[in-house]
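Both ligands and their constituent atoms are indexed starting at 1 by order of listing. Given the structure is predicted, the values throughout are model-derived calculations rather than measurements.
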Amino acid sequence: MPYNSTKRNEVLDEIQSEQFDILIIGGGITGAGIALDAVSRGFKVALIEKQDFAAGTSSRSTKLVHGGLRYLKNLEFKLVREVGLERAVAHKNAPHLVRPEKMLLPFVEGGSLGKFTTSMALWLYDVLAGVKGTDKRKMLSKSRTLRKEPLLREEGLLGSGYYAEYRTDDARLTIEVLKTAVSKGACIVNYIAAKGFTYQDSLVIGAECEDEVTKTQFQINARFVVNATGPWVDELREIDQSLNNKRLHLTKGVHLVVSHDDLPLKQSVYFDVGDGRMIFAIPRMNVAYIGTTDTSYTGDKKNPKVNREDVNYLLDAVNQMFPDVQLGFKNVISSWAGLRPLIDEEGKDQSELSRSDELFVSGSGLITMAGGKLTGYRLMAKKVMRLICDELHITRKCKTRRIKLCGGDFKRPRKELYPYIGKVCERLAQLNLNKDRAFYLVHLYGTQTELILNIFKKKSLESLVEAEAYWAIHYEGAITLEDFFSRRTGKLLFEPNEVIGEIEKVLLIFKNQLGWDESKEAMERNNMKNKVLSLTLFED
Ligand code: FAD
């Protein structure tokens, strides 16, 4: 079954009529990873997501595939080693989407990091994560640091560490993992909520579901049910009556986006803020983003809001570190807030809570995978599948280490990626399209770029964004404009000004492909315009 929104009803028929080995609830990176691992081991897999895929935390992170340098402060060596090693695997399987990114870690007079501690921490980080060759950390003098990033405050600067990380697009990573699972036979659908469970002899054997689009209700039957709902895991554990004293503690993390003209960073920087926290400032195409905060959260999980205090905190931090820019509220072009699903530990401050994952199995057999990080998604899936295989007394090996994600089929990424971007440039020029979009396209879609350009040509479309919209509907399960502008392309966050000019073109493609009537069209138009406005509306 293709990952095609125009065939959603067929997927729904299949999901209701089949008996699955494993039902996964939650279409963030955790659920996506489990679906790919399970289906590639030969299990019959279904996955449901109550919003759009990746609409929870998995589109709201710092978008780094990283070992978590700062977790060394909490002495979480095992976590740093596990996820640090995973970076190279993620890069190999999706080199267009998980790309090396050098990070600058400045140390200043009176800061919490000195030359010795920075050097030791980065050395340990490299050792734990198995970093080799030229990627190993370097310590830079003050003048070399300023050459790398001239915007840094010169006064008090002592030098920096320069080390290797990876950047990604979290939502696209999630979607490519899901698409890869679908290509291997998983049955996956968005906008379906699990509202309860079905039991036989007190054991969970499926879920009661509701289609969020049509409000119809149905059941899905499976031998195992996995709760991979991130910040929502306790809600399902409560329905299963298995919520015990180990619970989630949600913390909110905010990011701001400003234009590159206002914060012309040459280089990603990870810096110390006076209160002991660390902030990233990351250039990305024509913008830079800054994050993150870390505050306890108990509000609405679907739409965590950015408030003025969050904005002030981040702007102050940036203005302090890069004194020539002096950013204010007016410079912020977009923002997002995400919720970290951390596992509570008595007596610990939120920034000290572990970012490790934890597996719970209830008396009814409901398997919950809680906590964790985007970077460690493959390992979390492996733990769930090991548990299921043990339960079934079977051995089926994990294969995901070698599974290329959709769009990532470059044999020798370091050699092939840039020539491929060059070819895309030529093709764009032949099609009279802006060849500067080659980077954007390849980093989003990898080798699938050619298919999108074929759609552009075959359908005689007028703009690239229309071809992307067609692709998102027919191959990536998008059913709303927000699915497209936010999680399929990242345009909402990183090119919000362009979005306004593209709404009508994209609306027409969605209307024609999904058969929208006028009221649906008007609703989608308004929703999208409001979304753009909300990016810079901050609560008191
Ligand atoms: P989610 O992505 O939230 O997915 C759970 C899904 O379950 C949601 O989409 C939700 O709609 C769905 N759901 C809930 N209830 C139901 C139901 N009843 N029925 C059906 N579906 C349901 N990690 C990194 O590795 N690198 C980073 O740079 C990084 N930065 C971060 C920055 C911030 C600010 C935050 C908050 C986190 C960051 N993380 C990072 C952590 C990482 O983003 C998360 O660990 C990860 O995205 C969690 O994924 P998940 O699938 O468990 O949860």
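Distances below 4.0 Å separate heavy atoms of Arg340 from the following atoms of ligand 1: 34 (C), 35 (C), 36 (C), 37 (C). When each atom of ligand 1 is checked for a heavy atom of Thr229 under 4.0 Å away, the hits are 5 (C), 7 (O), 13 (N), 14 (C), 15 (N), 16 (C), 22 (C). Within ligand 1, the atoms closer than 4.0 Å to a non-hydrogen atom of Thr375 are 24 (C), 25 (O), 26 (N), numbered from 1 in the order shown. Listed by number with element, the atoms of ligand 1 under 4.0 Å from a non-hydrogen atom of Thr57 are 1 (P), 2 (O), 3 (O), 36 (C), 37 (C), 43 (O), 44 (C), 47 (O). For ligand 1, the atoms lying closer than 4.0 Å to a non-hydrogen atom of Gly372 are 45 (O). Atoms of ligand 1 lying under 4.0 Å from any heavy atom of Gln51, numbered from 1 in the order shown and given with element: 10 (C), 11 (O). Per-residue contacts place Gly253 under 4.0 angstrom from the following atoms of ligand 1 (heavy atoms of the residue considered): 34 (C). Of all the atoms in ligand 1, the ones that sit under 4.0 Å from a non-hydrogen atom of Thr62 are 28 (O), 29 (C), 30 (N), 31 (C), 32 (C).
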With salt bridge (charged side-chain N to carboxylate O under 4.0 Å, His left out) as the test, would you mind laying out the steps for Asp21 and Arg41 before giving the verdict? CA-CA 11 Å; Asp21 295 322; Arg41 290 189 203 221; over 6 Å; no
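Residue-level proximity to ligand 1 for Ile25 is carried by the side chain, the only part with a heavy atom below 4.0 angstrom. Contacts of Arg60 with ligand 1, taken as heavy-atom pairs under 4.0 Å, involve the backbone alone. Proximity of His66 to ligand 1, defined as any heavy-atom pair under 4.0 Å, is confined to the side chain (atoms from C-beta onward). At a heavy-atom distance under 4.0 Å, no atom of Ser59 approaches ligand 1. In Asp170, neither the side chain nor the backbone holds a heavy atom less than 4.0 Å from any atom of ligand 1.
Remark: ligand 1 and Thr30 share an N or O pair separated by less than 3.5 Å (distance only, no angle test). In terms of N/O distances under 3.5 Å, ligand 1 is not approached by Trp232.
At distances below 3.5 Å, at least one donor-acceptor pair connects side-chain atoms of Asn319 with backbone N or O atoms of Leu315. Not a single donor-acceptor pair under 3.5 Å links the side chain of Arg87 to the backbone N or O of Val83.
With atom 53 (O) of ligand 1 as the reference point, the heavy atom nearest to it among Ala193, Gly230, Pro341, Ala171 is part of Gly230. Counting heavy atoms only, Ser58 comes closest to atom 49 (O) of ligand 1 of the residues Gly28, Gly56, Ser58. Evaluated by nearest non-hydrogen atom to atom 27 (C) of ligand 1, the leading choice among Ile34, Leu64, Thr292 is Leu64. Nearest residue to atom 33 (C) of ligand 1 from Gly338, Ser61, Gly26 is Ser61 (criterion: closest heavy atom).
At least one side-chain heavy atom of Lys252 sits less than 4.5 Å from a side-chain heavy atom of Val254. Side-chain contact between Glu149 and Ser160 is absent, with no heavy-atom pair separated by less than 4.5 Å.
In this structure, atom 19 (N) of ligand 1 lies nearest to the protein heavy atom Ala194 N, 2.9 Å. Looking only at heavy atoms of the protein, atom 8 (C) of ligand 1 is closest to Glu49 OE1, 3.4 Å. Of the protein's non-hydrogen atoms, Leu374 N, 3.6 Å is the one closest to atom 42 (C) of ligand 1. Here the heavy atom of the protein found nearest to atom 21 (N) of ligand 1 is Lys50 N, 3.0 Å.
Asp234 and Lys301 are not joined by a salt bridge, as no carboxylate oxygen comes within less than 4.0 angstrom of a charged side-chain nitrogen. A salt bridge links Lys63 to Asp170: at least one charged side-chain nitrogen sits closer than 4.0 Å to a carboxylate oxygen.
The ring of Tyr475 has its center no closer than 6.0 angstrom to the ring center of Tyr445.
Applying ring-ring contact (aromatic ring centres under 6.0 Å, His included) to His255 and the options Phe280, Trp336, Phe494 leaves one that passes, Trp336.
Donor-acceptor pairing under 3.5 Å is recorded for the side chains of Thr216 and Thr214.
Using 4.0 Å as the threshold, Ile192 has a heavy atom nearer than that to some atom of ligand 1.
For the pair Arg237 and Phe360, the cation-pi criterion (under 6.0 Å, within 45° of the ring axis) is fulfilled. Annotation: cation-pi pair Lys531/Phe485 absent, no NZ/CZ under 6.0 Å from the ring centroid and within 45° of its normal. Cation-pi check for Arg487 over Phe53 is not met; the charged atom does not lie both under 6.0 angstrom from the ring centroid and within 45 degrees of its normal.
For NZ of Lys215, the number of neighbouring non-hydrogen atoms (other residues, nucleotides, ligands) closer than 6.0 Å is greater than 12.
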